[in-house]
Number of protein chains: 2
Amino acid sequence: MGRMPGRVPSAPPTLADVAELAGVSRQTVSNAVNNPDLLRSDTLLRVQDAIATLGYLPNRAARNLRTRSSHLIGLRITAAQEGTANATMDRFVHSLVDTSREAGYHVLLFAGDPLDPLAGYDDLLRSTAVDAFVVTDTYLGNPQAAWLQTRRAPFVAFGRPWADPEATHPWVDVDGAAGCDLATSHLLDRGHQRVAWIGWRKDSFIGEDRRSGWSRAMRSRGLPTTGLASRVEDTVSSGREASAVLLDEAHPSAFVCASDTLAMGVLHTLSQRGLVPGRDVAVVGFDDSQVAQVVPPGLTSVRQPLEDVAAEVVTALESLLGHPPAAHPGVLLEPTLAVRGSS
Amino acid sequence: MGRMPGRVPSAPPTLADVAELAGVSRQTVSNAVNNPDLLRSDTLLRVQDAIATLGYLPNRAARNLRTRSSHLIGLRITAAQEGTANATMDRFVHSLVDTSREAGYHVLLFAGDPLDPLAGYDDLLRSTAVDAFVVTDTYLGNPQAAWLQTRRAPFVAFGRPWADPEATHPWVDVDGAAGCDLATSHLLDRGHQRVAWIGWRKDSFIGEDRRSGWSRAMRSRGLPTTGLASRVEDTVSSGREASAVLLDEAHPSAFVCASDTLAMGVLHTLSQRGLVPGRDVAVVGFDDSQVAQVVPPGLTSVRQPLEDVAAEVVTALESLLGHPPAAHPGVLLEPTLAVRGSS
DNA sequence: GTGAAAGCGCTAACAC
DNA sequence: GTGTTAGCGCTTTCAC
């Protein structure tokens with residue numbers, strides 16, 4: 001790393017300092033850093049020596065100005081909703097930061113005004129502060145992707161272009177239907193016959209996709225789904241109420257939920273009725289949140305492979321920013337099931 | 001001379017473009033942006049008009065190079081531990097991003113190699129990629145603060161310099177002792193007499209600080225603490241085991257825990273023994289995590305005012321980066337108690 | 001109040 | 001292979 005303990009540099013060394021110390025021109029130092037193959041090995045060694053001695057690192061601003069790139073990826077984050085178990089965003093941020101580093105990129109976070117999903121993007125773009133964006137909330141009606149595309153801004157989406165299947169931008173997503181199929185089949189394998197669904201309202205593409213995994217699994221075993229499904233808001237209390245109604249009217253022995261938040265609502269109802277999750281009624285959530293991991297007796301949950309999502313996003317970003325820029329098709333990844341005490 | 005129109009459609013306008021359109025020199029445009037007071041009002045208006053017409057925004061890289069500042073704040077994030085309820089970091093990141101924006105800063109995230117807590121800082125510093133750092137994990141033995149100080153790198157710590165009370169760097173922290181005093185007093189007010197403590201091992205400054213709040217509250221009511229405390233690892237299973245032992249040997253009617261993770265361990269034990277949290281045994285956690293918010297019947301928890309922490313951090317950062325740089329003393333904030341069904 | 005000149009530190013082109 | 005030249009877009013002197 002060449003860190004120099006104890007040294008207190010007033011001003012960081014520049015290319016010129018290294019050039020002087022190594023007895024070469026500035027350009028040769030630049031080549032030593034960016035195109036080492038161009039140098040004769042003894043010159044390279046001498047320059048590298050000087051670089052190490054001075055603890056030189058290229059000035060970012062200067063390099064950015066010259067190369068017209070910042071090696072920064074912009075990511076808009078919105079405040080996590082209180083009272084829910086949703087933490088996909090935070091886990092994804094961690095993965096993205098890790099993966100980006102390996103590709104030589106840093107992640108620049110900017111705040112999202114919920115009222116104006118486009119705010120922030122434009123400024124960053126016009127001031128050339130970032131090389132590209134990663135867009136995360138591509139649910140219905142979110143105009144970011146379309147807007148960025150008209151601006152010719154490089155970006156990769158985590159999430160399919162649900163509303164616009166003709167969209168040509170690169171995206172990475174997790175197969176929610178496959179995840180819920182997995183969850184439902186897991187329950188059916190354990191002998192459950194009446195598996196209920198609690199999901200989101202019909203205008204949610206993601207919600208309908210996940211729901212289709214449940215109904216697909218039920219149908220494939222010839223089991224009825226009528227009266228076993230409920231569509232509600234993504235809150236704990238909605239999950240609690242929906243599960244209470246379903247238990248009374250449809251007598252399911254298991255629940256598959258579109259989110260851990262809803263699944264926690266089911267656990268609330270079970271707890272209120274003195275039913276034990278996993279013994280009396282099985283419950284499966286979606287997201288493998290911290291909540292699912294620590295709530296007694298453990299909530300079985302569909303886990304999105306966010307590390308892989310981040311890796312694919314960065315790969316897409318690299319080809320997008322490469323010379324020449326390469327198009328990257330959509331990538332759909334398979335989730336897994338984290339089985340715990342609730343099923 | 002203006003850029004060839006149509007050649008590079010997406011190239012943002014520059015100072016020169018604005019100057020040409022407004023019929024002034026580049027420097028006047030620069031002044032219009034940075035020192036509007038210097039311009040005659042009609043000139044200013046004309047320039048602002050041209051800026052609006054072209055959608056001009058100063059190029060970051062160029063400005064950074066010239067002013068030797070990036071308006072970027074570096075924040076190292078480490079992977080969130082799976083199987084715990086800890087989410088302080090993520091909540092803080094959100095708050096910091098929001099607050100920084102108002103001060104004209106963006107947050108640059110970089111990955112933390114757990115094996116080398118200094119990695120990343122050095123590169124960012126030497127390449128002048130960030131103006132300052134926000135350091136978050138200042139627990140015992142973390143050398144970041146001391147190291148950054150010897151490098152004269154501007155930084156503000158979220159967390160007191162526990163190991164080095166002589167440290168002079170700015171910091172912001174939350175009074176954990178006050179939080180646990182609050183939690184314990186809350187339980188005592190509800191009639192509990194035997195309130196147990198489950199905290200971290202003795203070498204954790206933060207853990208001992210929080211513990212002191214519990215013992216302080218107990219002592220102030222003349223209640224004994226002997227045999228009522230346990231020090232363990234910060235895991236659910238440790239909390240589960242510790243609470244089982246305490247219930248058997250000390251018969252507490254309530255638990256105060258150093259973290260929501262430990263509190264969830266207590267809930268596990270209660271659930272195993274058929275005890276109802278909040279009715280049979282009261283439990284209070286620390287962090288007000290999502291877990292505390294959604295687990296039935298709701299986990300009472302000490303909530304750190306992270307929005308205020310972020311605000312204080314940014315304030316400290318601004319005075320640190322101001323001209324002249326001003327020292328900023330340590331700031332200690334009071335947590336609150338989010339009361340839920342478990343108490 | 002406005003404009004001309006200089007240069008931040010770097011790299012892309014081209015000489016040699 | 002290496003050095004020289006010319007900017008990237010901006011702000012900071014300092015004339016006028």
Side-chain angles (χ1 to χ4, degrees), chain A residues 9-48 50-51 54-71 104 125-129 131 323, chain B residues 1-4 7-8 10-48 50-51 54-71 125-129 131 323:
Chain A
S10 45
T14 73
L15 211 58
D17 298 328
V18 178
E20 192 181 10
L21 181 59
V24 296
S25 76
R26 302 206 312 270
Q27 183 53 41
T28 301
V29 179
S30 175
N31 284 335
V33 173
N34 301 306
N35 302 81
D37 300 342
L38 292 180
L39 299 206
R40 217 171 44 211
S41 58
D42 60 329
T43 317
L44 179 60
L45 225 66
R46 210 164 71 245
V47 174
Q48 286 175 333
I51 288 175
L54 294 175
Y56 168 77
L57 222 59
N59 179 302
R60 280 278 233 238
R63 172 176 274 184
N64 292 350
L65 176 58
R66 186 60 233 219
T67 62
R68 296 169 174 290
S69 74
S70 62
H71 278 242
L125 203 53
R126 293 202 336 253
S127 62
T128 62
D131 288 351
H323 299 287
Chain B
M1 279 177 272
R3 204 180 314 107
M4 300 279 283
R7 219 187 49 155
V8 185
S10 56
T14 74
L15 211 56
D17 297 328
V18 178
E20 192 180 10
L21 181 59
V24 296
S25 75
R26 302 204 311 271
Q27 297 64 33
T28 301
V29 179
S30 175
N31 282 336
V33 173
N34 301 306
N35 302 82
D37 300 341
L38 292 180
L39 298 207
R40 219 171 43 213
S41 57
D42 62 327
T43 317
L44 179 60
L45 225 64
R46 211 167 66 246
V47 175
Q48 286 175 334
I51 287 175
L54 294 175
Y56 169 76
L57 224 56
N59 179 299
R60 282 271 210 198
R63 174 175 271 183
N64 293 350
L65 176 59
R66 185 61 231 219
T67 62
R68 298 170 170 289
S69 74
S70 61
H71 277 243
L125 203 53
R126 296 206 331 257
S127 62
T128 62
D131 288 352
H323 300 287

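In what follows, chains carry the letters A, B, and so on, assigned in the order in which the sequence lines appear, proteins first and then strands, with residues in each chain numbered from 1.
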Practice task
With heavy atoms under 4.0 Å as the rule, sort B:N34 into base, sugar-phosphate or nothing.
Solution key: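 Sugar-phosphate contact only.
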Problem - Given DNA chain D, 5'-ward residue of the pair B:L65 and B:Q27, judged by closest heavy atom - result: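 Mapping each residue to its closest nucleotide by heavy atoms, the 5'-most match is B:L65.
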According to a strict under-4.0 Å criterion, is [X] in side-chain N/O contact with OP1 or OP2 of [N]?
{"X": "A:R40", "N": "D:dT2", "answer": "yes"}
{"X": "A:R63", "N": "C:dT11", "answer": "yes"}
{"X": "A:S25", "N": "D:dT2", "answer": "no"}
{"X": "B:R68", "N": "D:dT11", "answer": "no"}

Practice task
Could you tell me which non-hydrogen atom of A:A129 sits nearest to which non-hydrogen atom of A:S70, and how far apart they are?
Solution key: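 It is O-OG, 3.1 Å.
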Practice task
Could you check B:N31 against B:A62 and say which one's nearest nucleotide on DNA chain C is further toward the 5' end?
Solution key: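 Nearest-nucleotide comparison on DNA chain C picks B:N31.
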Problem - Euclidean distance, B:L54 CG relative to B:E20 CD, rounded to 0.5 Å - result: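 So the gap between those two atoms works out to 9.5 Å.
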Exercise for the section: Report the distance from atom CG of B:D17 to atom P of D:dC10, rounded to the nearest whole Å. Expected result: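 Value for this atom pair: 9 Å.
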Practice task
Could you check how far CG of B:D37 sits from C1' of C:dT2, rounded to whole Å?
Solution key: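 Nearest whole value for this atom pair: 15 Å.
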Exercise for the section: Determine, stepwise, if the pair B:T43 / B:V24 fulfils side chain to side chain contact (heavy atoms under 4.5 Å, CB included). Expected result: CA-CA 8 Å; B:T43 317; B:V24 296; 4.0 Å; yes
